[in-house]
Q: 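Following this message is one structure expressed as structure tokens.
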There are 2 protein chains.
Amino acid sequence: MASQRNAHTPASINDVAALARVSIATVSRVLSGKRTKEDDIARRVRDAAAELDYSVNRSASALRGADTKTLGLIVPSASRPFCGQLINALEEAADDRGYQLFVGVGSNHALQNARFESLLDRNVDGMIIVPAEGANVGSMAAHHPHRLPVVQIGGRHHAVGTSLVSIDPVLGMEELIVHLSAQGVRSVATLMDKQMSFEAAEQLSMLHTQLRSYSIETETRWHTICEPTMSAGFYTVVEMFTEPSDDTADGITSSAGIAPGVVNAAEGFTAGHTAFDNMSTKNGASGLPILANRVVINDHPDAIICYNERTACGAITALTAMGLHVPNDVCVVTSGFSHHKSITGLEAPFGRIVAESLRLIGNGPDYSAHISLPPTLSVQMTSLRRAGDRTWRNEQVG
Amino acid sequence: MASQRNAHTPASINDVAALARVSIATVSRVLSGKRTKEDDIARRVRDAAAELDYSVNRSASALRGADTKTLGLIVPSASRPFCGQLINALEEAADDRGYQLFVGVGSNHALQNARFESLLDRNVDGMIIVPAEGANVGSMAAHHPHRLPVVQIGGRHHAVGTSLVSIDPVLGMEELIVHLSAQGVRSVATLMDKQMSFEAAEQLSMLHTQLRSYSIETETRWHTICEPTMSAGFYTVVEMFTEPSDDTADGITSSAGIAPGVVNAAEGFTAGHTAFDNMSTKNGASGLPILANRVVINDHPDAIICYNERTACGAITALTAMGLHVPNDVCVVTSGFSHHKSITGLEAPFGRIVAESLRLIGNGPDYSAHISLPPTLSVQMTSLRRAGDRTWRNEQVG
DNA sequence: TTGTACGCGTTATCAC
DNA sequence: GTGATAACGCGTACAA
């Protein structure tokens, strides 16, 4: 006898079995795909399920079966562009494979560890973690006896037994150089992070190797370190591109301009605010006296590689103010991520990241690996020289 | 007899009951808090649970009990700042209450509806939906016989039986006017959306009422519509603040400056890119000819209300280029959200949004309501006049 | 190939 | 307040 059926209680496997005049075991086998034969029985079962609007109770399935078809994702903050895009990509890929995504947010190791335990209690089939600053994924996973596939996305402290999917900054630098070279760039300057990380040092090392192999010139004084603010990028570039002049009438101010299209990075916008503050109060309302008695030198680089979008914005603003055209006179790119798709830079290959992560999780907890992926080059107007434009400018000048 | 215990299989309620020498029913009652008395039995149970590292199997609990302690959140895109911040706030509040958060992403009605059904299958206790453009939450919820608390965040099409938590744009406008008035602003201009929505029309109506009650002047020609780009904001403000001049030597260009700290909005950065493109190619490398033969008029507004961060950036850039100080000469605010905390504007009250949403869900499916919350004012440098600064500038000018 | 029966871990019900 | 037991819905070993 089937259970009491009415509109307010969803159908169970018993109801489907009764309607299809088969046993619940057959229903289970047909619906789970373990019975491949396509005969009258299979059809009756499917029809009955459709008519009753039946869907398996995942709680019961999880209780009896081996997996829950759920995945846990732990991020430091969902409002970080990287994490938001990762959620988008991962949710879609998980849905395709019949998985549902639990999201946990933790801005430090302790919080992420707490989320890790909560998700462990929910019997997730796998865990994907973007470690917070200072968080140690290894210690989260090792502290628990459960054997669960764990994939770490990015970050440094990698532990045995957990997988790591990361983006190779060196490959990214290589892509940038190749692109700049293809644009006809002959000389390159860099704005680097004041607190240089291990990866940044690797990048810089790679840079010089690449520059040599593409016969791109560079000078020691063109390699600068600068704070991660727009104004720091601005001043650094002005310093690099100009020298003092006695003839004030011929100064840059006569051709000073604005680049209203320059954009700022989304992360850490406090710095952007600070930049505005500094510029407007220190110099009053009448622009930038720093440019008044300076002239652009002839011997300046063709391209500038900035370590993030903010400093690149400052650089573009400075170049435009000095009367130099971006990208025809100077290309500006960032060796970091181009979140806003406004400045040429790198993009995380989210499709591949989630595909590899899900593959590793599917392979089980004993199959761990370290996968390093190349970032994607995102070409924008700040480095895309078109033949026509270049000619046009040359005509203007000549 | 308790189950076979070893390090690889987690403890069950039977193991705890055996160790504490009580029945499994008592264990369940103590650990679920349905038994408040704090005696030896309660202590024994808790100690046993701790020793065995026991935690309830949520799948079994969900199967037998009434709820799953899970919540579903459906957003159009996790990389939208609003959604990212909502996830952050909701995840924390849910965790506090012992809930785990499922996240679904769907950029249109069909996808959101598919996620809705998936989460329904997972037996979530409540659903929170940020509707995508054109998505109808009512039709998702109504199409299914399940009676589940559904809360819609923002958006237009509200359905009976589901709750709606939204942010009142009119209250936001009021807060802005009060703030500007307190800063000594006497006259106001607006940059409004070209495709004016119903909310925007309400806001504009409210604006005029408020301006009157605070004796703030305005002129018809100061109320403009403009595209959502930085360059549109730039040109609109230039047009509003200047007039043609015959005396080229006294033009604005002699005091043209740069505001490298201006920032752009995170949403739809394609527009920002387009702006850059236009500015740099149309005008060549030598700045903005548009300013060359124009002078700032005396009769200009004290403050500009822009409808988003992008146009506000353009406005700030234009003002700075014209030699006007922000905020001492002109305040710039946005009547939209200030995602980057760089321009004075509004902020969604995420704490209250999630608190109200969870309260509505806790009250069950029959308790639906429409809750309208005031946005929070986010005061930044672009409108914060300090007495000292103003005096300082007056001295400079005098 | 099909059906029966049991067990998964928990909570609700009922008798004490 | 406590303990025994039934039930939740499903998957699967085993018997037919």
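Chain letters run A, B, ... following the sequence lines, proteins first and then strands; every chain starts at 1. Everything numeric in this text was worked out from a predicted model, so none of it was measured.
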Q: Please check if the number of heavy atoms outside B:Glu347 that lie under 6.0 Å from its CD is greater than 12.
A: yes
Q: In plain terms, say whether A:Asp95 and B:Arg115 are close enough for a salt bridge, that is, a side-chain N and a carboxylate O under 4.0 Å apart.
A: yes
Q: Please state whether the rings of B:Phe82 and B:Phe350 are parallel, tilted or perpendicular, taking 30° and 60° as the class boundaries.
A: tilted
Q: Taking for each residue the nucleotide of DNA chain D with the nearest heavy atom, is it B:Ala60 or B:Thr26 whose nucleotide lies nearer the 5' end?
A: B:Thr26
Q: Please determine if a side-chain N or O atom of A:Ser61 lies less than 4.0 Å away from the OP1 or OP2 oxygen of D:dG11.
A: yes
Q: Give the rounded distance in Å between these two atoms: CG of B:Leu63 and P of D:dC8.
A: 9 Å
Q: Can you measure B:Tyr54 atom OH to C:dT10 atom P for me and round it to whole angstrom units?
A: 3 Å
Q: Without decimals, in angstroms, what is the distance between B:Lys69 NZ and C:dT11 P?
A: 11 Å
Q: Atom CD1 of B:Ile41 to atom C1' of D:dG3: distance rounded to whole Å?
A: 11 Å
Q: Looking at the side chain of A:Ser23, which of C:dT4, D:dA4, C:dT11 is the nearest nucleotide?
A: C:dT4
Q: For B:Ser77 and A:Asn88, does a side-chain donor sit closer than 3.5 Å to a side-chain acceptor?
A: yes
Q: Tell me: CZ of A:Arg64 to P of C:dC6, nearest whole Å?
A: 13 Å
Q: What does B:Ile24 touch in the nucleic acid at a heavy-atom separation under 4.0 angstrom: a base, only the sugar-phosphate, or nothing?
A: base
Q: Nearest whole angstrom, please: distance from the C1' of C:dT10 to the CG of A:Asn57.
A: 13 Å
Q: Using a strict 4.0 Å threshold on nitrogen-to-oxygen distance, state whether A:Asp40 and A:Arg43 make a salt bridge.
A: yes
Q: Measure distances between side-chain N and O atoms of B:Arg58 and base N and O atoms of C:dG9, and say whether any donor-acceptor pair falls under 3.5 Å.
A: no
Q: Indicate whether OP1 or OP2 belonging to C:dT11 is found under 4.0 Å from a side-chain N or O atom of B:Lys34.
A: no
Q: Between B:Ile13 (CD1) and C:dG9 (C1'), how many Å, whole number?
A: 8 Å
Q: What's the CG-C1' distance between A:Asn14 and D:dC10, to the nearest Å?
A: 9 Å
Q: When the nearest nucleotide of DNA chain D is assigned to B:Ala25 and to A:Ser28 on a heavy-atom basis, which residue is associated with the more 5' position?
A: B:Ala25
